[in-house]
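Reckoned from all heavy atoms, side chains included, excluding hydrogens, waters and symmetry mates. Since the model is a prediction, treat every value here as computed from it, not as a measurement.
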Amino acid sequence: MSQTGAIWLVIVCALLAANLPFINQRVLAVGPAVSPRKALWVHLLELMFRYGAVAALAYLLERRAGQNAPQ
């Protein structure tokens, strides 16, 4: 995958990860819906989980490109 493709993949995944908890009423978008509306804390937990998943994906793509920058 080219570097441009990897960047677009991370952007699209981040966009989906940021909006999916508020669109879907299922926990982590799998299983049955718990209630008609999820509590705010459930939304925030899902958002933090997905943030970590997108960050891990970005790190792996950066590492694969050979430009892993220590911070």
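Between Pro21 and Arg50, the closest heavy-atom pair is CG-NH1, 3.4 Å. The nearest pair of heavy atoms linking Cys13 to Val54 is O-CG2, 3.9 Å.
In this structure Phe22 satisfies the side chain to side chain contact (heavy atoms under 4.5 Å, CB included) test together with His43, Leu47, sequence neighbours excluded. Evaluation of the side chain to side chain donor-acceptor pair (under 3.5 Å) rule for Tyr51 yields no partner, not counting sequence neighbours.
Taking 4.5 Å as the limit, some side-chain heavy atom of Leu45 sits within range of a side-chain heavy atom of Trp41.
The distance from the CD atom of Gln3 to the CZ atom of Arg64 is 12.5 Å, given to the nearest 0.5 Å.
When Leu15, Leu9, Leu16 are each tested for a side-chain contact (heavy atoms from CB on, under 4.5 Å) with Val12, only one passes: Leu16.
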